[in-house]
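Values reported hereafter were calculated over all heavy atoms of this structure, with side chains retained and with hydrogens, waters and symmetry mates removed. Position 1 is the first residue of the sequence; numbering continues from there.
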Amino acid sequence: MTRKPVDIGVPDRLHTVTGGRSEADDSFDLVTLIVSECEPTQGMQSEHTRILELCRHPTALVELAAELKLPITVVRILLGDLHDMGKVSARHPRAAESVAGLPETALLQEVLHGLRNL
């Protein structure tokens, strides 16, 4: 079995999908959760429709790219379009406020040990 790179044979399609744009909105990182705010409407670009369908439940950008079989940059461009139109919302992951706010390593070890014993 031979594996093909994702972009082989489809550069024209990617150019068409993004309307020729190559600069993506960097506000969406790989783990940003995307949620549809509405149902797809008739006449929408098929990729936009698919994103709205996939994001009925919170879905990470990286999962969308994998499901759509599109490069991350292309998905970011499409999400930027949908976000600007108010059709999706983005939930950015929160970082821990400080190391003190994280659980103790010993507690995590105990949980892991307990799970292994199940």
Side-chain angles (χ1 to χ4, degrees):
M1 181 169 114
T2 27
R3 297 180 101 184
K4 296 180 188 175
V6 175
D7 293 342
I8 284 279
V10 292
D12 293 338
R13 178 177 173 266
L14 297 178
H15 181 80
T16 302
V17 165
T18 62
R21 295 169 292 160
S22 61
E23 295 296 318
D25 187 350
D26 289 337
S27 65
F28 300 108
D29 64 11
L30 296 178
V31 294
T32 299
L33 295 176
I34 309 300
V35 181
S36 298
E37 295 296 332
C38 65
E39 291 295 319
T41 57
Q42 198 150 21
M44 282 184 109
Q45 184 175 334
S46 62
E47 290 80 9
H48 286 157
T49 299
R50 187 76 178 119
I51 289 170
L52 290 176
E53 290 169 349
L54 290 169
C55 294
R56 287 186 176 128
H57 301 286
T59 307
L61 183 146
V62 71
E63 292 177 77
L64 286 173
E67 188 68 32
L68 296 169
K69 296 182 174 104
L70 291 172
I72 297 287
T73 304
V74 172
V75 175
R76 281 184 173 148
I77 292 169
L78 295 171
L79 286 175
D81 295 343
L82 290 169
H83 191 261
D84 291 346
M85 291 186 280
K87 297 192 181 286
V88 297
S89 59
R91 298 179 185 171
H92 301 283
R94 289 185 303 172
E97 294 178 19
S98 70
V99 176
L102 297 174
E104 292 291 324
T105 304
L107 173 63
L108 293 175
Q109 289 289 342
E110 286 180 41
V111 170
L112 183 59
H113 181 68
L115 289 172
R116 285 184 180 149
N117 287 335
L118 290 177

Spacing of K87 atom NZ and C55 atom SG [to the nearest 0.5 Å]
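The distance works out to 14.0 Å.
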Can you tell me how far the CZ atom of R50 sits from the CG atom of L68, to the nearest 0.5 Å?
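That separation rounds to 6.5 Å.
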Any chance you could lay out the side-chain contact (heavy atoms from CB on, under 4.5 Å) test for L82 and M44, step after step, and finish with the verdict?
CA-CA 11 Å; L82 290 169; M44 282 184 109; 4.0 Å; yes
Closest heavy-atom pair and its distance - [X], [Y]:
X   : Y   : result
T59 : L54 : OG1-O, 3.0 Å
R76 : D29 : NH2-CA, 3.8 Å
H83 : A90 : CD2-N, 4.2 Å
V88 : L79 : CG2-O, 4.2 Å
T49 : P40 : CG2-CB, 3.6 Å
S89 : E37 : OG-OE2, 2.6 Å

Determine whether [X] and [Y] fall in the same hydrophobic cluster, where Ile, Leu, Val, Met, Phe, Trp and Tyr are linked whenever their side-chain heavy atoms lie under 4.5 Å apart.
X    : Y    : result
V35  : V31  : no
L33  : L64  : no
L118 : V111 : yes

Going by side-chain hydrogen bond (donor to acceptor under 3.5 Å, both in side chains), name the pairs with one or both residues in residues 106-118, residues two or more places apart or in two chains.
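Listed by first then second residue: H113-N117.
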Using side-chain heavy atoms (C-beta onward) and a distance below 4.5 Å, is L78 in contact with L70?
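L78 reaches L70 side chain to side chain.
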